[in-house]
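Just below is one structure, and these are the notes that go with it.
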There are 2 protein chains.
Amino acid sequence: MKIDTIRHSLAHIMAYAVQEMYPGTHFGIGPAIENGFYYDFTLPSEASGEGGTFAPEDLPKIEKKMKELIKQNLEFKKKTVSKKEAKKIFKDQPYKLELLSEIESPKVSIYESGKFVDLCKGPHLKLTKEIPTDAFKLTKIAGAYWRGNEKNPMLQRIYGIGFRTKKELEAHLLKEQEAEKRDHRVLGQKLELFLMDEEVGSGLPLWLPKGAVMCRLIENYLYKELTAQGYYWVVTPHIAKLDLWKTSGHWDLYRENMYSPIKIDEEEYMLKPMNCPFHVKIYQSKIRSYKDLPLKLAELGTVYRYEKSGVLHGLTRVRGFTQDDAHIICEPNQLSEEVTKLLKSGLKMLKTFGFKDYEIYLSTRPEKYAGTLKSWEKATNSLKYVLNKLKLKYQTDPGGGVFYGPKIDIKIKDSLGRPWQCTTIQIDFNLPERFKMTYIDKKGKKQEPMMIHRALLGSIERFIGVLLEHYAGSLPLWLAPVQIWVIPVGARHEKYASQVAKELAEVNLRVEVKNENETVSKKIREGEIQKIPYLLVVGDKEIKAKSVRVRSKNKDLGIMKINKFLKKCSR
Amino acid sequence: MKIDTIRHSLAHIMAYAVQEMYPGTHFGIGPAIENGFYYDFTLPSEASGEGGTFAPEDLPKIEKKMKELIKQNLEFKKKTVSKKEAKKIFKDQPYKLELLSEIESPKVSIYESGKFVDLCKGPHLKLTKEIPTDAFKLTKIAGAYWRGNEKNPMLQRIYGIGFRTKKELEAHLLKEQEAEKRDHRVLGQKLELFLMDEEVGSGLPLWLPKGAVMCRLIENYLYKELTAQGYYWVVTPHIAKLDLWKTSGHWDLYRENMYSPIKIDEEEYMLKPMNCPFHVKIYQSKIRSYKDLPLKLAELGTVYRYEKSGVLHGLTRVRGFTQDDAHIICEPNQLSEEVTKLLKSGLKMLKTFGFKDYEIYLSTRPEKYAGTLKSWEKATNSLKYVLNKLKLKYQTDPGGGVFYGPKIDIKIKDSLGRPWQCTTIQIDFNLPERFKMTYIDKKGKKQEPMMIHRALLGSIERFIGVLLEHYAGSLPLWLAPVQIWVIPVGARHEKYASQVAKELAEVNLRVEVKNENETVSKKIREGEIQKIPYLLVVGDKEIKAKSVRVRSKNKDLGIMKINKFLKKCSR
């Protein structure tokens, strides 16, 4: 039996419990969802002390009632009835009547359990005894518009989670608790990394000084690595004429992700959703020969894409973000070598950030596509060949490629095992053709080059969000915006504290002296809340020994000479 | 006698010459302008072989005719005549009649010289002998709409330059020649620094790899310097809700520089013309105390401002540019200290880029202003006090301040003595009030802080344009995108060339090996065209001596051990 069936049946039982406890309730719908289920209700206003809404303390009561009902070992009886009969059955249920009125077939199926009847396609369990009573839990109440439309009335939704065993339930609850502690939106505020402001707009993060340091550290790392790998950096504008997006095909095929045009004089300009057409222009700024290929153009380009306000989420789902974007323009026969390099260096770089586990996906030709069948086959085979050669496990997503070519996606797994879409390597048959890109081959003939789009981290914003959740805010030393606090025990130790800080700053460590008029223990607590990698306490003893007392990750590591501490930092 | 009078009289003499040479010409207007004069004409189509337009070879002929006329020592006779009389005089001159019809007074003044009469207020010289015949030159022909309106007919404009002495004329011509060689638009293309593309849009430069290296070098310099000076870096979006720009006052007072709104869902967003409101939001992200002040927030923020397409010019007048922006938020009594620091460090930093000469302007309260009279007076006095204390010469621009406060502007002078607006230090009374910014003072009371906007370079794009013109493309070593070419004499020296390059790259020099199958002299010529600071030629002799032959700025500096060359680079 499928877990979704258990969850669906739990939704019915929850609705039955509510019907028993709050007679006169109107029922919306109640499906199984990831990890659990929900059901939407409109309480008769007299049924609740809260003026028609559930209170958190109602949830355990409903849970208790559900367990009682389950114990009765009720049957889930499926019946097929005429629409007319159904209308009679649901005569007091306006939402069900609305749903009924939209069903075209003359017969509908209903499910009956005890005194609860629902309009439902199923499937369900046979009997309630199949539901493990210690493996579900009602978790939260939320408002939800009827059928997701804000013009409809707001219903009360109760969410529940449900598993096969108590152990699974507990593991899930623990993971959720852990995830909550790691919520990057909360950490971002606590660690003063970024700001979301209503007056600025949704999905548009402002980087506070410490967050901007993180951005810069990641940028510097990428600059150094990619420059060494032979990439050339470029910088391009955030807007371009509509004409460019028409040539590129974005206006036809990507418009729903783009914002409305800006008028300048008599022309229309668009905020860029991608950097690609600009890189094509740079490629075309001179005649290219096979000797110039592969040409690798990289940019930390901030792009703007439409997202519905409902799906925006901290840094991981935003409306403006900085891609660590690059385009590799190469000869067709260089494709597998380039993809091999990309995968190898990509996985190595992800490791530097602490990500060692990942899922790899190969997405193949969708129904609508640019390029020829033959070129798709050839490119897809190249990607497969490389994945196999590098002995990388991957899953195929048939038809999941973008219209312009097949792609390899890497989802990194964080410390809770949650996957995050991150690296993407995409072949593009579209732009070289649309922009008529050429190079002169060895024989002096004009040829069309291959183009690979690739992003390693995906977006700096999103990646910082993932880093925060992965490390629960305790960033590795090299990524911590502030690496060290020097805490003098008293006013007379401030001078020494400054000396220590100066010495550390000279080797480019990011260090602050905490001279505030507060107790040492309060400063240590504050430093631990702010996840500062090292707290160095200095008092009489440390001055005498020309050393520091080192605390890291809530642990006292004892007194250390400064040189020894520096060695620790450079490890 | 004023030089402008000479130039004005030259315009008349040019018109007289044209009248003599092309009878039936219609005359527009002919004023004195900077360095010279012009006159607009419509040639009768039968008067010219070119179908009614002047050809460049006509200019010396007209010049010759002018000299003949000047030799006749003609008088500039001023007469006052009635409008009726004037209409008779100019009956065959439609443009003059149009001008006449708009003059309200019943009498007008005309000037007569020989057979040429012009409707003109003057003043003019008395006699043509006052015109130095060896100090003027006709320089170019251009089309110009009658009265600058594109709906009117296009006239032929002849430009001339005129000075008091031949020496002045020659100096000016030399300077113009020099300026032409230094044109950053030409250099930008030749040195492959940036690209302007019609399909992307006007005034929106794309940085090619070498230009992007320059941007990055300047950024890195600013990051290092300003971080050491206690600035915090932030990063903010390129768009924000219209609401923000209404609160800030930009919507009311700066709208003509802003682009049209972008619609997202039901809300309007604007491309940012300034970074200020975002920095205010960051300031307000927590409660600030006097201990936090001065707070210095810096950003390399790309802003978009409307410019008419006609005034766009290479990198120095664009529609999107990256400000090296910062805001200093301080207590009112910290103002002069902060301005002192800004001026001192600013001038020091400009020197690093090679600019030692400048003009300083103090701009005071305009007619429309925010804040109180008293606060303006106090702030203006602070600025004056600082300028005097630092013994900096400055000119006052009365009423030239922006509406939100007085400012100090620095125009740097390039190697041709041309001034370029660059640094600006502006006091702002507006934003602290509009956003209700506060800090807690020593006594625990809420106070409004002072805010200083400041940009050192102004804009990275513009500054790179100025650098290119200042250095005529021969950038100082630290700013050169490619610093060194290693040129092997033959194929058998390529290995050694690579070794040398590797050694140089290890100390972060930007070096390329030129293995192309071309002669050494061609490579040297190419390197000199591309203004590569050092060209290192390596052949048998150099390999034997473990050294390199160094060329710099078209000069052979002889053979050098690599260590000695490295020392040269680090100087």
Side-chain angles (χ1 to χ4, degrees), chain A residues 189 192 194-195 197-213 215-216 220 223 231-241 243-244 247 259-265 267 269-271 277-279 281-282 284-286 291 297 299 302 304 306 308-309 319-320 322 516, chain B residues 189 192 194-195 197-213 215-216 220 223 231-241 243-244 247 259-265 267 269-271 277-279 281-282 284-286 291 297 299 302 304 306 308-309 319-320 322 516:
Chain A
Q189 197 165 22
E192 296 181 2
F194 66 95
L195 177 70
D197 185 276
E198 249 322 293
E199 210 178 5
V200 169
S202 309
L204 297 170
L206 281 73
W207 289 102
L208 299 172
K210 286 179 196 165
V213 170
C215 293
R216 180 92 181 151
N220 283 346
Y223 264 96
Y231 284 76
Y232 292 107
W233 293 89
V234 298
V235 182
T236 67
H238 301 94
I239 56 172
K241 268 194 207 163
D243 297 357
L244 184 75
T247 304
Y259 294 112
S260 70
I262 302 162
K263 220 156 178 194
I264 306 185
D265 294 338
E267 279 159 336
Y269 283 71
M270 308 296 294
L271 268 177
F278 296 97
H279 291 200
K281 288 286 177 187
I282 287 171
Q284 291 180 317
S285 68
K286 59 182 193 178
K291 290 181 200 161
L297 299 175
E299 176 170 20
T302 305
Y304 290 86
Y306 179 68
K308 286 195 180 141
S309 66
R319 281 178 170 165
T322 304
E516 291 85 351
Chain B
Q189 198 165 18
E192 296 181 2
F194 66 94
L195 177 70
D197 184 276
E198 251 321 295
E199 209 179 6
V200 170
S202 308
L204 297 171
L206 282 73
W207 289 103
L208 300 173
K210 285 179 196 163
V213 169
C215 293
R216 178 92 182 152
N220 284 346
Y223 263 96
Y231 285 75
Y232 292 107
W233 294 89
V234 298
V235 181
T236 67
H238 301 94
I239 56 171
K241 268 193 206 163
D243 297 358
L244 184 75
T247 303
Y259 293 112
S260 70
I262 302 163
K263 220 154 180 197
I264 306 185
D265 294 338
E267 281 159 336
Y269 283 70
M270 308 296 292
L271 268 176
F278 296 96
H279 291 198
K281 288 287 177 186
I282 286 170
Q284 292 181 317
S285 67
K286 59 182 193 177
K291 289 181 201 162
L297 298 176
E299 177 170 20
T302 305
Y304 290 85
Y306 179 67
K308 284 194 181 143
S309 66
R319 282 178 169 167
T322 302
E516 290 84 352

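Just so it is clear: chains get the letters A, B, ... in the order the sequence lines come, proteins before strands, and each one is counted from 1. Worth saying up front: this structure is predicted, and the values here are computed from it rather than measured.
In terms of heavy-atom proximity, I264(A) sits nearest to R319(B) at CG2-NH1, 3.5 Å. Across all non-hydrogen atoms, the minimal contact from V235(B) to A212(A) is CG2-CB, 4.1 Å. Across K241(A) and G201(B), no two heavy atoms sit closer than the pair CE-CA, 4.0 Å. Considering every non-hydrogen atom in both F278(A) and L206(B), the closest pair reads O-CD2, 3.7 Å. Among all heavy-atom pairs drawn from I282(A) and L208(B), the shortest one is CG2-CD2, 3.7 Å. Of all heavy-atom pairs spanning W207(A) and V234(B), the tightest one is O-CB, 3.3 Å.
In this structure, the portions of S309(B) lying under 4.5 Å from any heavy atom of chain A include both its backbone and its side chain. Neither the backbone nor the side chain of Q284(A) comes within less than 4.5 Å of any heavy atom of chain B. In this structure, chain A has a heavy atom under 4.5 Å from the side chain of K286(B), while its backbone stays farther away. Contacts of Y304(B) with chain A are made by side-chain atoms alone, with heavy-atom separations under 4.5 Å and no backbone atom involved. Contact of D197(B) with chain A is made through the side chain alone, with heavy-atom distances under 4.5 Å. Contacts of P277(B) with chain A are absent, with no heavy-atom separation under 4.5 Å from either backbone or side chain. In this structure, the portions of I262(B) lying under 4.5 Å from any heavy atom of chain A include both its backbone and its side chain. Using a 4.5 Å cut-off between heavy atoms, Y223(B) touches chain A through its side chain atoms alone. Residue F194(A) does not touch chain B at all, counting heavy-atom pairs closer than 4.5 Å. For a residue to count as touching a neighbouring chain, one of its non-hydrogen atoms must lie under 4.5 Å from one of that chain's; by this rule L271(B) touches chain A with the side chain only. For Q189(B), no part lies under 4.5 angstrom from a heavy atom of chain A.
Taking a 6.0 Å sphere around OH of Y259(A), one finds it holds more than 12 heavy atoms contributed by other residues, nucleotides or ligands.
Your options are L297(A), T247(A), I239(A), and the one with the most heavy-atom pairs under 4.5 Å with chain B is I239(A). Looking only at heavy-atom pairs under 4.5 Å with chain A, the residue among G320(B), S260(B), S285(B), G211(B) that has the most is S260(B).
Proximity of Y232(A) to V213(B): side-chain heavy atoms (C-beta onward) are nowhere separated by under 4.5 Å.
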